[in-house]
Amino acid sequence: MKTWWYAIRPHTLGASIAPLIIAGGALWADESFRFLEYFLCLIVALSAQISSNIANDYFDYKGGKDTADRVGFERLLTKGVVTPGQMFGALVITTLTCALAGGILVWMGGWIILLIGLATLLGIFAYSSGPFPLSHHGLGDLAVVIFFGLIPVLGTYYVVAGTPPLYLMFLALGIGLWEANILVVNNYRDYQEDSKSGKKTIIVRMGVKSGPRLYALNTLLSIFVIMLGLYTEGSTIAAIIVALLLTFVCFVGVYGIQKLKGKRLNGLLKFTNKVAILMSIILSLSLIF
């Protein structure tokens, strides 16, 4: 159990939990919260990210993108802890879990949810496999904004209550931009390994110095868009308070990525994940109260 708990990368799962917290806050504020639909959306979000994480491990290993010189979190296949067959079996289980929960939502909500679900399943595998893996061509960051920001926030609200309000679109974009920093830290840390293996992340394409700059840019854009969303929702005071709080917390990460190197960046990755959850809780409470 400890092995598979490590395999799902719990230090990254805030990326799928945070958008659901924001959507839950919006639904509660609009008096539209329904537990069953929301719970199924949470299962879809978590199982989709876990599937993506496992698929990333499996296909990077099969494609020779992971090496024994890795400075990031250990990959179980590279270390020989599990076999490729076992990892693929785990991928089948998590993907079927995602499809089953999504299928129930389609049955409850209609064909638009089917399109959202198909896009999610496509994203699981297109991120690290197929003829044009997104993470190998500098498009992983955009995929994070879409699949860990816009789709889970807006999709969850739509499943439960119908058309999302405009302010929620800004908040979804804001959390997605911040969560892209999880990938920025990951790719900045793995710059040397990715360069050698031919994995052309956006940092490999732009150069190693782009890592801290991208982190800072995502942070600024995230805070600005979130402020815009809260202002659009009518929470002007909340927008100011949240902006000040997030600026203080988020720029700890900006400072960290400029100072840390190698394996020490693993701590910053965990910090960025935790801030995503903190950010979502703050936003959810600001909507409710």
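What you are looking at is a predicted structure, and each value in this text was computed from that prediction instead of being measured. Computed over heavy atoms, backbone and side chain alike; hydrogens, waters and symmetry mates excluded. Just so you know, residue 1 is the first one in the sequence shown, and it goes up from there.
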Looking only at heavy atoms, the pair that brings Tyr167 and Ala26 closest together is OH-CB, 3.5 Å
Ala243 and Met227 have their tightest heavy-atom pair at CB-SD, 3.2 Å
Closest non-hydrogen contact found for Leu121 with Cys98 is CD2-SG, 4.3 Å
The reported gap from CD1 in Ile124 to CD1 in Ile50 (rounded to nearest 0.5 angstrom) is 10.5 Å
Output for pair (Ile8 CD1, Leu46 CG), nearest 0.5 Å, gives 8.5 Å
Item to check | Any donor-acceptor pair under 3.5 Å from Thr95 side chain to Val92 backbone | outcome: no
Those residues at least two apart in sequence (or on a different chain) that pass ring-ring contact (aromatic ring centres under 6.0 Å, His included) with Trp28 are Phe33
Correct closest heavy-atom pair for Ile203 and Tyr191 would be O-CE1, 3.7 Å
query: Could you walk me through whether Tyr38 and Leu27 pass the side chain to side chain contact (heavy atoms under 4.5 Å, CB included) check?
result: CA-CA 9 Å; Tyr38 181 82; Leu27 289 165; 4.2 Å; yes
Non-hydrogen side-chain atoms of Tyr61 and Pro84 separated by less than 4.5 Å = yes
Contacts of Thr97 meeting side-chain hydrogen bond (donor to acceptor under 3.5 Å, both in side chains) (sequence neighbours excluded), chain-then-number -> none
Taken to the nearest 0.5 Å, the spacing of Met279 CE from Trp178 CH2 works out to 5.5 Å
- Side chains of Leu220 and Phe224: closer than 4.5 Å at any heavy-atom pair? no
side-chain hydrogen bond (donor to acceptor under 3.5 Å, both in side chains) filter on Lys2, not counting sequence neighbours, yields none
Side chains of Leu246 and Thr219: does their closest heavy-atom pair fall under 4.5 Å? no
Self-check item: Exam field: side chain Asn273 to backbone Gly14, donor-acceptor pair closer than 3.5 Å
Solution: yes
*Looking at side-chain heavy atoms only, is the closest gap between Val204 and Lys199 below 4.5 Å?*
no
Would you say that Cys41 contacts Leu20 through its side chain, given a criterion of any heavy-atom pair below 4.5 Å between the two side chains? yes
Exercise. Run the salt-bridge test on Lys196 and Glu193 with the 4.0 Å N-O cut-off and return the result as yes or no.
Key: no
Original post:
With a 4.5 Å limit on heavy-atom distance, are the side chains of Pro19 and Thr156 in contact?
Top reply: no
- Look at the side chain of Ser286 and the backbone N and O of Leu283, then say whether any donor-acceptor pair between them is shorter than 3.5 Å. yes
Residues pairing under side-chain hydrogen bond (donor to acceptor under 3.5 Å, both in side chains) where one sits in residues 200-212, two or more places apart or in two chains, turn out to be none
By side-chain hydrogen bond (donor to acceptor under 3.5 Å, both in side chains), Tyr157 pairs with (sequence neighbours left out) Asp30
Indicate, with yes or no, if Phe248 and Val254 share a hydrophobic cluster defined by side-chain heavy-atom contacts under 4.5 Å among Ile, Leu, Val, Met, Phe, Trp and Tyr. yes
Residues at least two apart in sequence or cross-chain that pass side chain to side chain contact (heavy atoms under 4.5 Å, CB included) with Leu40, listed by chain then number, are Leu36, Ala101, Ile104, Leu105, Met108
Taken in chain and number order and not counting sequence neighbours, the residues that satisfy side chain to side chain contact (heavy atoms under 4.5 Å, CB included) with Val185 are Tyr215, Ile257, Leu265, Leu268, Leu269, Thr272
Hits for side chain to side chain contact (heavy atoms under 4.5 Å, CB included) against Ala15, two or more places apart or cross-chain, chain-then-number order -> Gln49, Phe148, Glu179, Ile182
Practice task
Take Asn266 and His11 through the side chain to side chain contact (heavy atoms under 4.5 Å, CB included) test and state the conclusion after the steps.
Solution key: CA-CA 9 Å; Asn266 291 337; His11 53 275; over 6 Å; no
Residue set satisfying side-chain hydrogen bond (donor to acceptor under 3.5 Å, both in side chains) with Asn218, at least two apart, ordered chain then number -> Asn181
Quick check: are there more than 12 heavy atoms from other residues, nucleotides or ligands sitting under 6.0 Å from OH of Tyr231? no
Applying salt bridge (Lys or Arg N to Asp or Glu O under 4.0 Å) to Arg213 and not counting sequence neighbours gives none
Taken to the nearest 0.5 Å, the spacing of Ile22 CD1 from Leu154 CG works out to 10.5 Å
Report task. Decide whether Lys261 and Tyr188 meet the rule of one side-chain donor and one side-chain acceptor closer than 3.5 Å. Result -> yes
Looking only at heavy atoms, the pair that brings Thr94 and Ser51 closest together is OG1-OG, 2.9 Å
Between the CD1 atom in Ile17 and the OG1 atom in Thr12, the distance rounded to the nearest 0.5 Å is 9.5 Å
| request: Go through the steps to decide whether Val81 and Tyr6 satisfy the test side chain to side chain contact (heavy atoms under 4.5 Å, CB included), and finish with yes or no. | output: CA-CA 11 Å; Val81 178; Tyr6 185 88; over 6 Å; no
Report yes or no: does Arg34 contribute a side-chain atom to a donor-acceptor pair with the main-chain N or O of Val160 at less than 3.5 Å? yes
The side chain to side chain contact (heavy atoms under 4.5 Å, CB included) partners of Leu217 (sequence neighbours excluded) come to Leu221
Under 4.5 Å between side-chain heavy atoms, counting indirect links through other Ile/Leu/Val/Met/Phe/Trp/Tyr residues: same cluster for Leu118 and Leu122 or not?
no
The reported gap from CD1 in Ile282 to OG in Ser284 (rounded to nearest 0.5 angstrom) is 11.0 Å
(request) Determine, step by step, whether Phe125 and Phe59 satisfy the side chain to side chain contact (heavy atoms under 4.5 Å, CB included) criterion, reporting the C-alpha distance in whole Å, the side-chain angles of both residues, the deciding distance to 0.1 Å, and the verdict. (result) CA-CA 9 Å; Phe125 294 97; Phe59 290 110; 4.1 Å; yes
Grouping ILVMFWY residues whenever side-chain heavy atoms fall under 4.5 Å, the cluster of Ile240 otherwise contains Leu244
Closest non-hydrogen atoms of Ala45 and Ser16, given as atom of the first, atom of the second and distance, are O-CB, 3.6 Å
(message) What I'd like to find out is whether the side chain of Phe88 reaches to under 4.5 Å of the side chain of Ile54, using heavy atoms alone.
(response) no
| query | Do you reckon Phe35 sits in the same ILVMFWY cluster as Val153, going by side-chain contacts under 4.5 Å, direct or chained? | reply | yes
- Message: According to a hydrophobic-cluster definition based on side-chain heavy atoms being under 4.5 Å apart (Ile, Leu, Val, Met, Phe, Trp, Tyr only), do Leu245 and Val242 belong together?
- Response: yes
- Would you call Val252 and Phe271 a side-chain contact if the rule is heavy atoms closer than 4.5 Å? yes
* Asked: Are Leu114 and Trp107 grouped together when hydrophobic residues (ILVMFWY) are joined by side-chain heavy atoms under 4.5 angstrom apart?
  -> yes
